[in-house]
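Keep in mind that the numbers below use all heavy atoms, side chains included, and drop hydrogens, waters and symmetry copies. Proteins get letters first, then strands, A, B, ... in listed order; numbering begins at 1 in each.
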Amino acid sequence: MSAVLEQIFQVGFLAAIIRIATPLAFATLGEMFSERAGVLNLGIEGIMLLSAMAGFTTASLSGSLWLGVLVAVLVGALMGALHALFTVVLGLSQHVCGIGVTLFCSGLAYFLYRLIFGQQSVPPSIDGFKPVPIPVLADIPVLGPAVFSQFTLVYLAIIAVPLAAFVLYRTPWGLSVRMVGENPRAADSAGVSVIATRFQAVILGGALMGLAGAFLTMAQFNAFTFGVVSGRGWVAIALVVFGRWDPLRSAGAALLFAFVDALQLRMQASGLGHIPYEAFLMLPFIFTIVAMAFMSRNAVAPSALLKPFRKEER
Amino acid sequence: MFRLEARTSTPAWFNLALPLIAIAVTLVLCSGLIAVAGAGVIEAYGVMLSASLGDSYAITETLVRAAPMIFTGLAVAIAFRAKFWNIGAEGQLLAGAVASCFVGAIPMPGYLAMLLMAIVGAAAGALVALVPATLRIKFKVDDVVSSLLLNSVIYYALMALIEGPWKDTFSGYPISPPIEDSANFPVLIEGTRLHLGVIVALIAAPLCWFLIARTTLGFRIRVTGENPEAARYGGISVQRVLLSTALLSGALAGLAGVGEVGGVHFQVMSDISPGYGYSGIVVAMLARLNPLGVVPAAIFLAAVMTGAEAMSRATGVPAFLSDVIQGTALLAMLVALLFTAYRIRRVGAQT
């Protein structure tokens, strides 16, 4: 047994957790900003897929990975703007629009990918991002190789989490976001533009979802496949709830999920197949549903979530 | 100056006009993608139309594909009528498929097997839908998120089955064992795939319409959706209505899975549903939540899907155009629905 455990918890394990957690952290932060402003974005699954495709295609055609990241972020922001146009400006029902955005973005991603690359037996791949060890820090035992010899985008995610917390809790804009998500009427009376703030938060959220997509096709897999996102957007929706709409807690939830996922991958590889790996993949969803049942009593969700705001209506 | 003004009532012709406008706008928008792909727009849409509705065989193929979306469309339409936000038709469909596949593999007389498949499949779907409804009633859990997340749970459960105990030991493929030949739904027209389940779907739509429009339960569902406060004052137990709606909605989505197992695939695999549960939302919205409208809406989407494959072969435009059309149609319909809530009024310049 101990030999098996050793095989599972080898040095690369921690590094794998960090790598798996990175796209989830970006996506979760994106969904969190959107929901804190009162807008559920079920378009996340499709936005991640379209951004992943756009980033991969740009990198593949131009040879520049960072240009790919930029395009992925812009596409994410643009699709966030589309969702915001429907849900914030026009006040349409958020869940149905979100499903619409996901269907639209996924369809567009499949369509454009097939149009540009055709049908190939082996999907084209790119030379993706390489780990960039940070001098001195990378030499720390265990932590060094796991955390400080990673992709630049991983470092960006590590910075993004406290930064998101700072923006949300310590800046005037963050205050506006929380106000329009909790009590848009009061925010409006206080002179905060509910429409503008929500619009900005959903676009920022979309950009972060785009970053998540970029990581998948340009650092993690270095190729685009139709299943490249495979439910990670839905996982992010769960993690936001599980992390109680807080950046640090949500990132913690992403790490926890990444740990379970990495464990599952290792167990599959080590032939310890008593438990089907799908049982592990189910866990975040089951945990979140159970957690929602316990949390709802002390109502931690943004009060105005799912509620459109129209100034002239009372 | 133009101003948006709230509407109190909508003319009846809106029910027909809005989806048609939404579909027209969708086809115009998506023609841009056909042009980008370097094909003639008229030609591409023409191939799509003739390959999906052009001859009797094509029509049967389109109907076979429409059947699961009629069921999921009805499931979503009835749930949304009560404002039970069931985004989980996909998972309920999968549950129905798995349950009916279990039953269908047991040797027994064919008609008994088909009946039991339908009952067990519907029950499985209903059971899954009961989870978000119960959580909402008992714990005030948001049904949008819980029903959506359940889709992933059911999907992984299905994968665990077909990669575990159900795995084909001979080929190693992750597919379930086939159901008994006698349990295969009878084909109604020789040489086509038009199976019994399609007729059941076509009959289910008017039955659901009758239930919603003409029965006490239907009345309760409508009142609960439109005004839960009024429902409560009127002595309607909103919680019980929500539970009944969830059972009904889940059962309908489960039947979509039964039809796919009994009439099309005769076994369960990972891609047994190409998102029919989510398509059900598109169908229900295009139908304006009217069960009778679900049939033409589902046939439209099915025609786009079958037509897109032929169009791809003929013109080289990727068949994924059908997925884009689906998403665009849903968004266009949502915008079109604004006209039922508001009207644009010209007002004099304000001084």
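The nearest pair of heavy atoms linking B:L334 to A:L92 is O-CD2, 3.4 Å. For the pair B:Y156 and A:S230, the tightest heavy-atom approach, listed with the atom from each and the gap, is OH-O, 4.1 Å. Nearest heavy atoms, B:P318 versus A:R114: CB-CG, 3.8 Å. The minimum heavy-atom distance linking B:D142 with A:M292 is given by the pair O-CE, 3.8 Å. Shown here for B:L135 and A:A293, the closest heavy-atom pair between the two residues is CD2-CB, 4.0 Å. The two residues A:H95 and B:I87 come nearest to each other via the heavy atoms CD2-CD1, 4.0 Å.
Residue A:L42 touches chain B through its side chain alone, counting heavy-atom pairs closer than 4.5 Å. In this structure, chain A has a heavy atom under 4.5 Å from the side chain of B:L148, while its backbone stays farther away. With a threshold of 4.5 angstrom between heavy atoms, B:A157 approaches chain A through its backbone and through its side chain. For B:V144, the part sitting under 4.5 Å from any heavy atom of chain A is the side chain, from C-beta outward, and nothing else. B:M333 does not touch chain A: none of its heavy atoms, backbone or side chain, sits under 4.5 Å away. Using a 4.5 Å cut-off between heavy atoms, A:F226 contacts chain B through its side chain alone, with no backbone atom that close. For chain B, no part of A:L283 is nearby; none of its heavy atoms comes within less than 4.5 Å. With a threshold of 4.5 angstrom between heavy atoms, A:L115 approaches chain B through its backbone and through its side chain. Heavy atoms closer than 4.5 Å to chain B are found nowhere in A:T87, neither backbone nor side chain. Heavy atoms closer than 4.5 Å to chain A are found in the side chain of B:V282, but not in its backbone. With a threshold of 4.5 angstrom between heavy atoms, A:Y113 does not approach chain B through any atom at all.
With values rounded to the nearest 0.5 angstrom, A:R232 atom CZ is found 12.5 Å from B:S152 atom OG. Put simply, CG on B:L33 and CG on A:L112 are 6.5 Å apart, with the number rounded to the nearest 0.5 Å. With rounding to the nearest 0.5 Å, the separation of CG in B:L330 from CZ in A:F86 is 9.0 Å. Once rounded to the nearest 0.5 Å, the distance linking CG of B:L150 with CH2 of A:W234 reads 13.5 Å. With rounding to the nearest 0.5 Å, the separation of CD in A:E278 from CG in B:L158 is 9.5 Å.
Note on B:V324, B:V317, B:V145, B:V36: by heavy-atom pairs under 4.5 Å with chain A, the leading option is B:V324.
Side-chain rings of A:F285 and B:Y155 stay apart, their centers remaining 6.0 Å or farther from each other.
Chain A is approached within less than 4.5 Å, heavy atom to heavy atom, by B:F80, B:W85 from residues 74-86 of chain B, ordered by number. Interface residues of residues 98-109 of chain A toward chain B, defined by a heavy-atom distance below 4.5 Å and sorted by number: A:I99, A:G100, A:V101, A:L103, A:F104, A:G107, A:L108.
For A:F287, the CZ atom sits in a loose shell: 12 or fewer heavy atoms of surrounding residues, nucleotides or ligands are nearer than 6.0 Å.
The salt bridge (charged side-chain N to carboxylate O under 4.0 Å, His left out) search around B:D143 returns B:R136, not counting sequence neighbours. Looking at residues two or more places apart in sequence or on another chain, you find a salt bridge (charged side-chain N to carboxylate O under 4.0 Å, His left out) between B:E309 and B:R65.
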**Request:** Take B:F320 and A:Y110 through the test ring-ring contact (aromatic ring centres under 6.0 Å, His included) and record every step on the way to the result.
**Result:** CA-CA 6 Å; B:F320 295 109; A:Y110 301 150; 5.3 Å; yes
